[in-house]
Number of protein chains: 2
Amino acid sequence: MVRPRFAKLPVHQQQTIVQAALDEFAAHGFRDASLNRIIETAGISKGSLYYYFDDKSDLFAYVAQAGLGGLFEKVGPLPPLDAGDADTFWSVVEDYYLRLTRALQASPQVAALLRGWSAAAKDPEFQRATGELEEASLPWIAQALAAGQRVGAVRADLPDSLLIAVTLGIGEAMDVWLLAQEPHDDALPDVIAALVDMLRRAVGPGAASGAPG
Amino acid sequence: MVRPRFAKLPVHQQQTIVQAALDEFAAHGFRDASLNRIIETAGISKGSLYYYFDDKSDLFAYVAQAGLGGLFEKVGPLPPLDAGDADTFWSVVEDYYLRLTRALQASPQVAALLRGWSAAAKDPEFQRATGELEEASLPWIAQALAAGQRVGAVRADLPDSLLIAVTLGIGEAMDVWLLAQEPHDDALPDVIAALVDMLRRAVGPGAASGAPG
DNA sequence: CCCGTGTTAGACCACCGGTCTAAACTACCG
DNA sequence: CGGTAGTTTAGACCGGTGGTCTAACACGGG
């Protein structure tokens, strides 16, 4: 995190570097991205890169943060989730998820970046750098679930950590599956609805099981 | 796949190599495992290793196959899933999942191996070597889902690929969460029941949603 | 002019997975 | 027993990686 220096660079040079890194990370993922290729594309030396960034993870974190920032700027903030009843909660989730998906489809490089993220997320050194981002998103999801519980849209009979884990797991499965599909834009709302409904079934209240607990 | 040669080695030397590789892969995952450390631990030269195995992935595939073989030997084969009704299907799944989890808890190294597997599964070169194993397990899950659909235990209104993706996602989330918990062995059945119930809610038939489609 | 500070270039390091060749070992055959 | 063909081993070597370090450069102020 030596980025104060980086901010003092001329903007177009910042953009050159960030763009080169984004290209490389999006194309090859975190681990297979090559710093040598990045500096070659950006036209800077290795010394300069390490003058502005701590290491590879730091660079990735910066690029990812920039990408995510642009994304959420387009999507807008998440509306309050506990303003209505359970149905409202889930329709807000569905709507927001749809907008997020559309934004991601419009920014395929950012989407590729995030895909590579989950692929490398187990790397401990990688976690250290992106920890802030993940710590920012994990309570985010915890808060959403808590809001859901407040309006009776999310079950409260299981540990929070389990609900979070399953939500993340389903979310990742959805993302992977969505990315593998061709984007039939007109069919997307129905698909998203089905996906969110699956999540609702899993983490919503009410039993689907016929077997006695 | 040069392993015919490997089979001709004295058994204890095979074990030495496989054990060294298992230790390394379990400790560091696929990508961060070092062949140099493996050959140092096993006391062989790099030339020898590459005389018996094509490359890193090949070695991993062999070790993983051995580990999985031992695991399923302990757990036994999956009972037929389409012999009864929907409740039977899900109770068989639950029972088998419980046994698998217990076996994994008894073989933490194999568990670590599998964890590292899913982490590196996106690596294309890695896929090539473990392709046989994955191709053996992926239709496995597809067949299980198909059997569930036959007895009305699994919904049929969504694409198979989506059901598979979500099942895998929930499964991985369960695994991750289970691994993060201390193994209270007596509470495990209830936990597994809750997890399988979540899966059943998501991919089972019947609507949990109150919102109109 | 000179100096100090901020910046850059790129040689260098240890390590990686993988290749290759020459030596060593083994086994068979005359 | 000697020679030889085939198998196995050792480890130097290759291009690449992320990361370090130092010497040079640019440049503003006294």
Side-chain angles (χ1 to χ4, degrees), chain A residues 1-14 16-17 20-21 23-25 27-63 116 119-120 122-130, chain B residues 1-14 16-17 20-21 23-25 27-63 116 119-120 122-130:
Chain A
M1 241 266 282
V2 208
R3 272 168 289 138
R5 286 161 169 175
F6 186 67
K8 290 195 298 187
L9 269 182
V11 190
H12 74 276
Q13 205 165 344
Q14 290 185 34
T16 304
I17 295 174
D23 289 347
E24 179 72 13
F25 282 127
H28 300 97
F30 175 71
R31 302 216 44 160
D32 286 332
S34 161
L35 291 183
N36 289 327
R37 282 195 295 257
I38 292 178
I39 64 178
E40 192 180 2
T41 305
I44 62 173
S45 72
K46 186 169 281 194
S48 294
L49 182 68
Y50 275 89
Y51 184 68
Y52 293 113
F53 297 94
D54 277 347
D55 51 22
K56 196 183 187 182
S57 308
D58 190 30
L59 175 60
F60 182 89
Y62 183 81
V63 171
K122 276 101 180 179
D123 191 332
E125 144 202 19
F126 178 79
Q127 287 176 334
R128 177 177 44 75
T130 57
Chain B
M1 240 266 284
V2 209
R3 270 166 291 138
R5 287 162 171 175
F6 186 68
K8 290 196 297 187
L9 269 182
V11 189
H12 75 275
Q13 205 164 345
Q14 290 185 35
T16 303
I17 296 174
D23 289 348
E24 179 72 13
F25 281 128
H28 300 96
F30 175 71
R31 300 213 48 161
D32 287 332
S34 161
L35 291 184
N36 290 326
R37 281 194 297 256
I38 291 178
I39 64 179
E40 192 181 1
T41 305
I44 62 174
S45 72
K46 187 169 279 194
S48 294
L49 182 68
Y50 275 89
Y51 184 70
Y52 293 113
F53 297 93
D54 277 347
D55 51 23
K56 196 185 187 181
S57 309
D58 190 30
L59 175 60
F60 182 90
Y62 183 81
V63 171
K122 277 99 178 180
D123 191 331
E125 147 202 15
F126 178 80
Q127 287 176 334
R128 178 177 43 75
T130 58

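As a basis for the values below, the full set of heavy atoms in this structure was taken, side chains included, without hydrogen atoms, waters or symmetry mates. Letters A, B, ... are given to chains in the order of the sequence lines, protein chains preceding strands, and every chain is numbered from 1.
- The phosphate of D/dG16 has neither OP1 nor OP2 within less than 4.0 Å of any side-chain N or O from A/N36.
- With rounding to whole Å, A/D58 atom CG is found 12 Å from D/dT20 atom P.
- The distance between the ring centers of A/F6 and A/Y62 falls below 6.0 angstrom.
- Across the interface with DNA chain D, nearest-nucleotide mapping of B/K8 and B/G47 shows B/K8 to be the residue nearer the 5′ end.
- Comparing C/dT7, C/dG18, C/dG17 against the side chain of B/S34 picks out C/dG17 as the nearest.
- Close to C/dG17, at under 4.0 Å from its OP1 or OP2, lies a side-chain N or O of B/K56.
- B/D54 has its side chain out of reach of B/L59: every pair of non-hydrogen atoms, C-beta onward, lies at least 4.5 Å apart.
- Listed nucleotides C/dT7, C/dA11, C/dC16 differ in distance to A/K46; the shortest reach to its side chain belongs to C/dA11.
- For A/F25 and D/dG18, the CZ to P distance is 9 Å, given to the nearest whole Å.
- Using the six-membered ring where Trp is involved, A/F30 and A/F25 have ring planes that are parallel, under 30° apart on the 30 and 60° scheme.
- At the phosphate of C/dT8, neither OP1 nor OP2 sits under 4.0 Å from any side-chain N or O atom of A/S45.
- Look at B/Y52 and you'll find a side-chain N or O under 4.0 angstrom from OP1 or OP2 of D/dT9.
- A 4.5 Å side-chain heavy-atom check between A/S34 and A/E24 finds at least one atom pair inside the cut-off.
- Put simply, CZ on A/F60 is 14 Å from P on D/dG18, counting in whole angstrom units.
- Whole-Å rounding puts the B/Y50 OH to D/dC13 P distance at 19 Å.
- Between the CG atom of B/L49 and the C1' atom of C/dC20 there is a distance of 15 Å, given to the nearest Å.
- A distance of 12.5 Å separates CZ in B/F60 from CG in B/L35, rounded to the nearest 0.5 Å.
- Distance CD1 (A/I39) to C1' (D/dT20): 13 Å, rounded to an integer number of Å.
- Between A/R37 atom CZ and D/dG15 atom P the separation is 17 Å, expressed in whole Å.
- Put simply, B/Y51 has no side-chain N or O that comes within less than 4.0 Å of OP1 or OP2 on D/dT9.
- Distance, A/I38 CD1 to C/dA9 P: 16 Å, rounded to whole Å.
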